[in-house]
There are 4 protein chains.
Amino acid sequence: MGLPGRKTNGEGTGTPRRSRRTAAGELKRGLILEAARAVFESEGLDGASLRAIAAKAGYTPAALYFHFESKEAIYAEVLQASMARLGAAMTRRAARAKSPAERLRAAAMGFFDFYQKNPRDLDLGFYLFRGGMKPRGLGAERDRALNAALAALLEPIALAAEELGAGRAEAERLMVECFAHAAGLLLLAHTGRIRMFGASAPRLMASYLDEKLERLGTGPAGPA
Amino acid sequence: MGLPGRKTNGEGTGTPRRSRRTAAGELKRGLILEAARAVFESEGLDGASLRAIAAKAGYTPAALYFHFESKEAIYAEVLQASMARLGAAMTRRAARAKSPAERLRAAAMGFFDFYQKNPRDLDLGFYLFRGGMKPRGLGAERDRALNAALAALLEPIALAAEELGAGRAEAERLMVECFAHAAGLLLLAHTGRIRMFGASAPRLMASYLDEKLERLGTGPAGPA
Amino acid sequence: MGLPGRKTNGEGTGTPRRSRRTAAGELKRGLILEAARAVFESEGLDGASLRAIAAKAGYTPAALYFHFESKEAIYAEVLQASMARLGAAMTRRAARAKSPAERLRAAAMGFFDFYQKNPRDLDLGFYLFRGGMKPRGLGAERDRALNAALAALLEPIALAAEELGAGRAEAERLMVECFAHAAGLLLLAHTGRIRMFGASAPRLMASYLDEKLERLGTGPAGPA
Amino acid sequence: MGLPGRKTNGEGTGTPRRSRRTAAGELKRGLILEAARAVFESEGLDGASLRAIAAKAGYTPAALYFHFESKEAIYAEVLQASMARLGAAMTRRAARAKSPAERLRAAAMGFFDFYQKNPRDLDLGFYLFRGGMKPRGLGAERDRALNAALAALLEPIALAAEELGAGRAEAERLMVECFAHAAGLLLLAHTGRIRMFGASAPRLMASYLDEKLERLGTGPAGPA
DNA sequence: TATGAATGAGTATTCATTCAT
DNA sequence: TATGAATGAATACTCATTCAT
């Protein structure tokens, strides 16, 4: 009666065997992802079991397997959606910026503030960008996609730096530095290590950008 | 790689109630911690179950409870050992520094390099400093201890900054910023997001410190 | 011996959240309860672990969780079924009684005889009516339900006493006394302490009722 | 190292292989039993693990095996001690009784009150008089001993009844009835089923004895 | 497309007991 | 006489996944 446990797990690469052509199908996928996000939000990463997601979505756990290959696939798509929201937030913010310097600030602070205000998205990002995804074969491809998405998201920072006179290499370096500083501050803030030093994360991020911009104006910092 | 470090291991931390001061006992504790580290290394944090650790150590799961109060206690002690090694590395490095500026650099780069070279310790740190430890009753107390240890480890940075003319507040801010930048860079490097931009994490860290030191020499950055 | 009784089994008791009204499902539930009863019978209450029950039923332990919320839920339902059988037996007996005195006797002796003939049901009752159910959160609610069921079962004794002229308070007292005497005799009989005195439990119960009835006829015993 | 789990369990009957001749040995046995009692008192039956008892006694679990054959053996001896205390309480009470009727009352109420006031002893009695003791071979002999002790304890009731004119058979029957009624009331009281009917257990016991004594005075109830 | 049913592996922890020392 | 160390079996319960229907 129902031989289980034989984790055959697809044909190797990671492309779902489902057709995914019907409009109804897409809609249901969306509802499930919504439910997953809600569960992440309320229960955190550890509480976000397939069962919990299914329950929230009004489905049986088994039903999800028609729409998604695995739990990790759901996680990944939720992260994708999260990054899409992040991108939207950053775009919204950039639209109001008038000068290159303002664009740089808008992009970097947009990134920072999004995660500052949505700590669960941060959780998600940390989790999935790290070793969370077990079936590595599946992960590799998605990893590329996530990297590309991330690069696209951060690109405005580099562009603005170029507009401010930096060379391409320097501009990219600055972009990475901003990303790193933001990530570090967020990590600290998120885990309470910032408050413990009596500091304010957003202010630290802002002043970091101040210094960077000032330096950009002054002149190139030399090759590093 | 084995040496569990100096452990101090007073009477209040998290060891079973009995006396257990025998040399053989301590040795076995060490072997178990070694095994735990190895499991972290090979299986990642999620795979580091009690069973896995016990198996690696050549024990029955139940046997571990003679030596440790709980799984979390093992985790915590492994982390403690990791931080002890970090501290030792930083101290070694600081010993060779002659000027305040060098001391600051030594401390910050010592911190950074340790984790750069021991990515599993980084994993451990990230995991345990975050919400990983569920049973909050135990966790709360240990959290304080870890925070204190961390603060003590980073303090040399602040001290050096003060020697360089910074006020206490500014010095602490700088310390936090260095910590955050290092953490961010490590995170990125660790997850492959740095190479993808063709950058070198240690060089980025070094140049971050250059800028900071230069700014310190120039004069205070104003209140933030 | 199988029939789990009338179970009523509304929507609030202790069954998994889903609809599950399928005939096959109910049947399997019944089989599991049967198995649970059998395990109680052969292993005693302490040996009645989930595993044991599952094994007897031909299931994996995990499978039971599809049909029941928890181990205690199984216990409770087995007890419910037991009480349902008890109720049926008492009702059958009461139907043949013509006078109030006969009704009182029928109720009390029906209660007594049921447990006398089904010692495992007695075990079950003793166990579950005592501190056996650890998770008090669940237990508290169920406890009320069981108390109510028990009270309803014994009520005919009090009613008959009232018909025989007793006031409400006296009638209830008598009911409790009968219950206690029956419980005590059953306990003794069940543990072999009765035979050891060369006495017959049913005869003792019957003569206890004789005395009580005689006393009721004579007049009230005064306040106690 | 250290092949365990092979429950060889003595040579069959239940006589400990220990010598038990030294005075010091007896003293330590006593201390352990004391500890066991204290644990029963504070933790209840389920919390009374060997480990807990050993800890309370200031020993290692393994140490207890020098003094006792098994956990059940400790339980049994604690019960023996409990019954000894019960006997003492009853004797004390009987000493103050002047007439046969008073002696009967003293014995029965002494029994009842002891358990009423020491519910943990009741727990113990219920547990061990029932199927609690797993190694049945061991249990059989002890069972006889316990039965004998119990019979001796209750005998004063029968004796008093004889003094009041009852034949031996009738006297024994009365003794058993009193025992049963007390046991039943205690069970109900102990599990909260008495309060639920708004009755008071001791009062019910007392009035039961009133009726019995009245009936004894009146004349024999005829053979049953 | 979805469900009910079931699985096997896994979770941390407790237990009474044993044995070398 | 007692300990430290270890064991194997047990505990209830969760998980992602599968499959027949």
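In what follows, every chain begins at residue 1, and chains take the letters A, B, ... in the order their sequences are listed.
- Nearest-nucleotide assignment on DNA chain E puts the 5′-proximal partner with G25(A), out of L50(B) and G25(A).
- Proximity of R51(B) to the phosphate of dT11(E): a side-chain N or O atom is located under 4.0 Å from OP1 or OP2.
- Between I32(B) atom CD1 and dA5(F) atom C1' there is a gap of 10 Å when expressed in whole angstrom units.
- Rounded to an integer number of Å, the gap from Y59(A) OH to dA16(F) C1' is 19 Å.
- Closest to the H67(D) side chain, of the nucleotides dA5(E), dT1(F), dG8(F), is dT1(F).
- Contact annotation: the side chain of L31(C) never approaches that of Y59(C) to less than 4.5 Å [non-hydrogen atoms, C-beta and beyond].
- Consecutive pairing runs in DNA chain F reach the stem threshold at E:2-21 with F:2-21, where a stem means at least three Watson-Crick or G-U wobble pairs with distances under 3.5 Å.
- Residues S49(D) and K28(C) each lie close to DNA chain E; by heavy-atom proximity, the contact nearer the 5' end of the strand is made by K28(C).
- Here the side chain of Y65(A) is nearest to one of dA16(F), dG4(F), dA2(E), namely dA16(F).
- Of the listed nucleotides (dC13(F), dA5(F), dT13(E)), dC13(F) has the atom at the smallest distance from the side chain of K71(C).
- Between the T22(D) side chain and the G25(D) main chain, a donor and an acceptor come within less than 3.5 Å of each other.
- Side chain of T60(B), nearest nucleotide from dG8(F), dT13(E), dA6(F): dG8(F).
- Between the P atom of dA16(E) and the CZ atom of F68(D) lies a distance of 15 Å, rounded to the nearest Å.
- Side-chain atoms of R29(B) come within 3.5 Å of backbone atoms of H67(B) as a donor-acceptor pair (strictly under, hydrogens ignored).
- Residue I74(D) contributes atom CD1, which lies 12 Å from atom C1' of dT17(E) at whole-angstrom precision.
- Ranked by how close their nearest DNA chain F nucleotide is to the 5' end, A48(A) and A63(B) are led by A63(B).
- Under the side chain to side chain donor-acceptor pair (under 3.5 Å) criterion, K28(D) pairs with no residue, sequence neighbours left out.
- Following rounding to the nearest Å, L64(C) (CG) and dC13(F) (C1') show an atom-to-atom distance of 11 Å.
- The nearest whole Å value for the distance from the CZ atom in F66(D) to the C1' atom in dA20(E) is 16 Å.
- Atom-to-atom, CG of L31(B) to P of dA5(F) comes out at 12 Å; the value is rounded to the nearest Å.
- Heavy-atom minimum distance, I53(C) versus I32(C): CG2-O, 4.2 Å.
- Here the shortest heavy-atom pairing between G44(D) and R120(D) reads CA-NH1, 3.0 Å.
- Side-chain atoms of S49(B) come within 3.5 Å of backbone atoms of A52(B) as a donor-acceptor pair (strictly under, hydrogens ignored).
- Across dT7(E), dA9(F), dT18(F), the shortest atom-to-atom separation from the side chain of A62(B) is found for dA9(F).
- As a whole-Å value, the separation of I53(A) CD1 from dC15(F) P is 11 Å.
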